[in-house]
A.B. asks: 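Dropping the structure in here first, questions after.
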Protein chains: 2
Amino acid sequence: MAQRDTGTEQLIKDTAKRIFFSEGKLHATTQDIADAAGVNRTLLNYYFRSRDILFEQVAIEAREEMSAVLDHVFTAQLAFKEKLQQLINVFMDQAMKFPYREVYIVTELNRTDKAVPEEKKVRIKAFLKEISEEMDAGKIKKMDPRQFLMNLFSLMAYPLITNCLNKSIYNINDNEYLKLMKDRKKLIFEMIYQ
Amino acid sequence: MAQRDTGTEQLIKDTAKRIFFSEGKLHATTQDIADAAGVNRTLLNYYFRSRDILFEQVAIEAREEMSAVLDHVFTAQLAFKEKLQQLINVFMDQAMKFPYREVYIVTELNRTDKAVPEEKKVRIKAFLKEISEEMDAGKIKKMDPRQFLMNLFSLMAYPLITNCLNKSIYNINDNEYLKLMKDRKKLIFEMIYQ
DNA sequence: TTGTTGTTTGACAAAAATGTTAAACATAAT
DNA sequence: ATTATGTTTAACATTTTTGTCAAACAACAA
């Protein structure tokens with residue numbers, strides 16, 4: 001396919017991701033993406049054949065990027081406590097850059113009525129087991145381990161999705177918001193781990 | 001305007017809300033909404049003039065419905081503990097019905113590049129003050145009260161937004177999911193209030 | 001240089017979504 | 001029954017978005 005790699009294909013995908021995941025413009029058109037990338041719209045068809053294929057490719061890579069982060073932390077040779085700290089650190093850094101990534105994944109699934117892709121559940125199950133053991137050891141409050149994971153991801157992801165609302169509600173500017181989000185890393189850890 | 005109220009205007013809005021807030025189909029067209037409501041698409045223009053006006057009206061009412069719930073609980077004549085329990089109970093019931101309501105509000109703001117509407121901050125400020133007092137009284141962990149509120153809403157809202165993903169990741173069906181969400185009410189309260 | 005191949009562009013075509021209009025319809029009042 | 005008024009519909013028009021194609025362009029090889 002791409003014999004002379006001009007970087008255009010990657011540029012288009014990166015731009016699409018910026019618009020969708022960072023700016024949260026889920027209704028962006030192919031023209032919007034082309035303009036933002038500074039390329040002719042026809043190139044989107046040249047590299048991806050159709051809008052739907054491009055959008056799905058972006059969704060697929062979003063899921064892959066997500067799994068990659070989680071797998072990396074889940075399989076790290078670390079004690080649970082350190083794993084947790086690293087997970088919070090890495091995930092929140094990504095969430096601050098791409099706050100709407102999960103929202104994009106979900107809305108694309110809702111839009112296309114496509115079956116939810118079966119996740120590789122081995123890593124998750126192993127981590128759920130670790131969580132259970134930590135509960136037995138009294139390091140974290142006893143509950144359904146799935147609830148524990150939902151709590152964790154909720155605390156990390158949601159405030160960034162509702163960024164614009166929070167800034168209005170709590171009367172804070174960009175800098176202060178950034179500080180609040182950085183503080184959250186420590187706060188979340190202390191909240192779920194004694 | 002509506003001398004003979006046939007209920008059509010309300011039907012259109014209710015249908016739009018169902019599609020946007022419940023089904024999470026944020027890319028729905030006017031035709032999609034008309035079909036789902038079982039009415040001629042022209043009626044959307046008859047009652048709302050344009051698509052944009054309808055969509056903004058829906059967003060405005062979404063914010064109003066949200067504030068209404070919060071205001072009601074915030075100003076209730078109850079002790080903080082009971083207020084919190086009621087808030088969790090009422091908010092999660094709504095979130096289970098309309099999981100994507102906040103997402104709709106946010107994406108409409110991002111789509112239209114409209115200024116974030118200034119919220120009535122009096123009630124919020126009063127509640128933030130109550131939270132501070134509760135912290136001083138040792139009933140909740142000390143932190144920035146805004147973080148406390150973010151925690152609370154994150155824990156309530158996020159798992160419902162990611163419903164379809166969670167079902168795949170944790171291998172659960174609709175019924176089990178419903179039970180998990182009901183259990184969360186108690187779980188969230190115990191997590192943030194000693 | 002010339003030919004080859006992959007890339008980019010503009011003009012055009014097609015499809016999808018939204019908006020407009022006149023006429024049909026229904027209901028209530030005269 | 002007839003008129004008046006608000007509601008609904010179908011046909012049409014417009015705008016927006018997406019897709020196609022041939023030609024121009026750029027890099028590389030023979």
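Note: hydrogens, waters and symmetry copies are ignored here, and every other heavy atom, side chains too, is used.
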A.B. asks: Can you tell me if B:T30 touches the phosphate of C:dG19, counting only side-chain N or O atoms and a distance under 4.0 Å to OP1 or OP2?
C.D. replies: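 B:T30 to C:dG19 OP1/OP2: no side-chain N or O under 4.0 Å.
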
A.B. asks: Please round to the nearest 0.5 Å and tell me the distance separating atom NZ of B:K141 and atom CE of A:M191.
C.D. replies: 9.0 Å

A.B. asks: Taking the six-membered ring for Trp and the full ring for Phe, Tyr or His, determine whether the centres of B:Y104 and B:F98 are under 6.0 Å apart.
C.D. replies: no

A.B. asks: Ignoring hydrogens and geometry, is there a side-chain-to-backbone donor-acceptor pair from A:R123 to A:S67 under 3.5 Å?
C.D. replies: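 No; zero donor-acceptor contacts below 3.5 Å.
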
A.B. asks: Can you see if the side chain of B:T6 gets near the phosphate of D:dT8 - specifically, an N or O under 4.0 Å from OP1 or OP2?
C.D. replies: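 Looking at the OP1 and OP2 atoms of D:dT8, one of them is under 4.0 Å from a side-chain N or O of B:T6.
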
A.B. asks: Starting from P on C:dA16, measure out to CG on B:D32 and report it in whole angstrom.
C.D. replies: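 Computing the B:D32:CG to C:dA16:P distance gives 13 Å.
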
A.B. asks: Going by number, which of residues 33-45 of chain B have a non-hydrogen atom under 4.0 Å from DNA chain D?
C.D. replies: B:N40, B:T42, B:L43

A.B. asks: Report the distance from atom CD of B:Q31 to atom C1' of D:dT17, rounded to the nearest whole Å.
C.D. replies: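 My rounded result for the distance is 17 Å.
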
A.B. asks: Might you confirm whether atom NZ of A:K139 has over 12 heavy atoms from other residues, nucleotides or ligands at distances under 6.0 Å?
C.D. replies: no

A.B. asks: Side-chain N or O of A:T8 versus OP1/OP2 of C:dT7: is the shortest distance under 4.0 Å?
C.D. replies: no

A.B. asks: What is the distance from CD1 of B:I12 to C1' of D:dT8, rounded to the nearest Å?
C.D. replies: 11 Å

A.B. asks: Specify the separation, in whole Å, of atom CD of A:Q10 and atom P of C:dT7.
C.D. replies: 14 Å

A.B. asks: Given D:dT8, is OP1 or OP2 found less than 4.0 Å from the side-chain N or O atoms of B:Y47?
C.D. replies: yes

A.B. asks: Between B:I169 and A:L149, is the side-chain contact (heavy atoms from CB on, under 4.5 Å) condition met? List the steps.
C.D. replies: CA-CA 11 Å; B:I169 292 170; A:L149 268 191; over 6 Å; no

A.B. asks: Find the distance A:R49:CZ to D:dG19:C1' and express it as a whole number of Å.
C.D. replies: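 Nearest whole value for this atom pair: 12 Å.
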
A.B. asks: Taking atom C1' of C:dT8 as reference, at what distance in whole Å does atom CD of A:E9 sit?
C.D. replies: 15 Å

A.B. asks: What is the distance, to the nearest angstrom, from the CZ atom on B:R51 to the P atom on D:dT16?
C.D. replies: 11 Å

A.B. asks: Can you check whether A:L44 reaches A:I12 side chain to side chain, under 4.5 Å on heavy atoms?
C.D. replies: yes

A.B. asks: Please confirm whether the ring centroid of A:F153 lies under 6.0 Å from the ring centroid of A:F91.
C.D. replies: yes

A.B. asks: Which whole-number value in Å describes the distance from B:D52 CG to C:dA17 P?
C.D. replies: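 Going from CG in B:D52 over to P in C:dA17 covers 15 Å.
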
